[in-house]
Amino acid sequence: MLAPLKSLLSNVSMYVALQKAVGADRLRYRCLDELALRDGDTVIDVGCGPAYYFDRLPKVTYFGFDTSERYIAHAKARYGSERASFSTEIFGEQHLGVLPPANAVLLLGLLHHLSDEDSRHLLRVASQALAPGGRVISVDTCFAPGQNRISRWMSDNDRGEFVREPAAFEALARESFADVSGEVVDTATRVPSAHWMMRMTSPVHVAAA
Ligand SMILES: C[S@@+](CC[C@H](N)C(=O)[O-])C[C@H]1O[C@@H](n2cnc3c(N)ncnc32)[C@H](O)[C@@H]1O
């Protein structure tokens with residue numbers, strides 16, 4: 001991504017405004033709709049950023065994690081409550097057994113920022129964080145066969161260093177989940193783009209007792 005735009009996006013309000021301007025918010029809402037969350041569910045949101053979609057959630061118990069202090073401070077100020085906590089931490093094994101089992105783990109716009117090794121590790125921990133019947137959903141910029149030139153330019157110039165083809169995201173997910181499905185979404189945003197939305201259920205690994 002071009003350096004000036006990268007630095008603009010580290011400004012929280014600018015990030016949220018740009019997401020809404022290009023329609024990236026619709027992709028997030030679509031993921032949340034897919035999950036059909038209910039009051040009382042537990043949600044872990046890894047790479048939550050400013051969590052501008054928080055108001056779309058029902059009355060869940062929510063744990064947001066992000067490595068950016070600025071994003072977390074913004075989210076905490078807006079949405080922090082007894083049932084919503086935000087931490088500047090990398091979500092990992094240390095959280096298993098400490099947080100309640102999750103009905104859903106959100107990875108919205110995260111995996112294309114992580115290397116294969118980091119994605120593999122996160123997907124494994126996410127699978128172990130789930131309650132029975134729980135599911136993980138991700139959405140990421142991807143390289144899609146047949147995408148037009150503008151869409152391809154968007155994928156090439158994304159902030160994420162690990163934009164992949166759908167099969168590569170899926171292969172990583174299959175190491176931790178028996179049930180993986182997904183689709184390329186190329187109509188949600190106002191500018192041509194390609195995103196891979198992926199649903200993951202049925203963890204392969206069981207958390208150590
Ligand atoms: C594209 S943003 C997505 C933010 C939010 N989920 C959304 O959909 O608007 C990716 C986020 O991942 C965060 N991030 C990057 N690496 C991370 C990691 N290892 N653990 C947690 N967050 C991370 C970044 O700080 C950034 O906020």
Side-chain angles (χ1 to χ4, degrees), residues 1-2 5-35 37 43-57 60 62-80 84-96 99 102 104-127 129 136-142 154-164 169 172 185 188-191 193-198:
M1 168 173 280
L2 308 171
L5 191 51
K6 210 170 203 168
S7 99
L8 262 184
L9 289 179
S10 68
N11 174 302
V12 186
S13 307
M14 194 60 72
Y15 172 77
V16 176
L18 194 70
Q19 291 279 299
K20 293 188 174 177
V22 300
D25 56 336
R26 298 186 208 163
L27 272 173
R28 274 68 180 165
Y29 305 149
R30 178 149 172 200
C31 291
L32 298 182
D33 289 349
E34 286 268 333
L35 291 169
L37 292 163
V43 174
I44 298 173
D45 186 0
V46 188
C48 62
Y52 64 84
Y53 39 77
F54 183 85
D55 283 337
R56 291 279 181 129
L57 295 168
V60 297
Y62 173 100
F63 300 92
F65 292 87
D66 201 283
T67 47
S68 159
E69 285 182 14
R70 244 192 287 190
Y71 283 166
I72 286 295
H74 183 95
K76 206 181 265 184
R78 266 186 201 211
Y79 309 117
S85 71
F86 294 89
S87 315
T88 313
E89 271 181 275
I90 291 187
F91 177 68
E93 283 93 352
Q94 70 277 19
H95 297 104
L96 298 176
L99 301 185
V105 175
L106 313 180
L107 307 175
L108 306 181
L110 178 60
L111 293 176
H112 71 286
H113 289 277
L114 303 185
S115 67
D116 282 3
E117 192 185 339
D118 288 346
S119 297
R120 194 172 276 129
H121 179 250
L122 173 61
L123 288 165
R124 184 179 175 125
V125 177
S127 76
V136 178
I137 194 151
S138 66
V139 68
D140 288 278
T141 307
C142 70
M154 296 295 287
S155 298
D156 280 335
N157 289 280
D158 192 280
R159 262 200 305 176
E161 290 177 52
F162 299 94
V163 174
R164 303 174 174 90
F169 285 111
L172 287 166
V185 182
T189 58
R190 293 188 184 88
V191 286
S193 65
H195 289 86
W196 177 245
M197 183 176 73
M198 186 162 67

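Each ligand, and each atom within it, is numbered from 1 in the order the structure gives. The shown structure was predicted, so the numbers you read here are calculated from the model rather than taken from an experiment.
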Sub-4.5 Å side-chain heavy-atom contact between Phe162 and Asp118: no

Atom CZ of Arg78 with >12 non-hydrogen neighbours under 6.0 angstrom: no

Criterion side chain to side chain donor-acceptor pair (under 3.5 Å) on Tyr62 and Asp45, from CA distance to verdict: CA-CA 7 Å; Tyr62 173 100; Asp45 186 0; 2.7 Å; yes

Ile44 versus Ala129, closest heavy-atom pair with distance: CD1-CB, 4.1 Å

Please tabulate, line by line, the atom pairs linking an N/O of ligand 1 to a protein N/O at a distance below 3.5 Å, with the distance in Å to 0.1, or answer 'none'.
unit_1	atom_1	unit_2	atom_2	d
ligand 1	6 (N)	Gly47	O	2.7
ligand 1	6 (N)	Tyr53	OH	3.0
ligand 1	6 (N)	Leu108	O	2.9
ligand 1	8 (O)	Arg28	NE	2.6
ligand 1	8 (O)	Arg28	NH2	3.1
ligand 1	8 (O)	Leu108	O	3.3
ligand 1	9 (O)	Tyr15	OH	2.6
ligand 1	14 (N)	Thr67	OG1	3.4
ligand 1	25 (O)	Asp66	OD1	2.6
ligand 1	27 (O)	Asp66	OD1	3.2
ligand 1	27 (O)	Asp66	OD2	2.7

Intermediate values then yes/no, ring-ring contact (aromatic ring centres under 6.0 Å, His included), His95 and Phe65: CA-CA 11 Å; His95 297 104; Phe65 292 87; 4.7 Å; yes

Other residues, nucleotides, ligands: >12 heavy atoms within 6.0 Å of Gln94 CD: yes

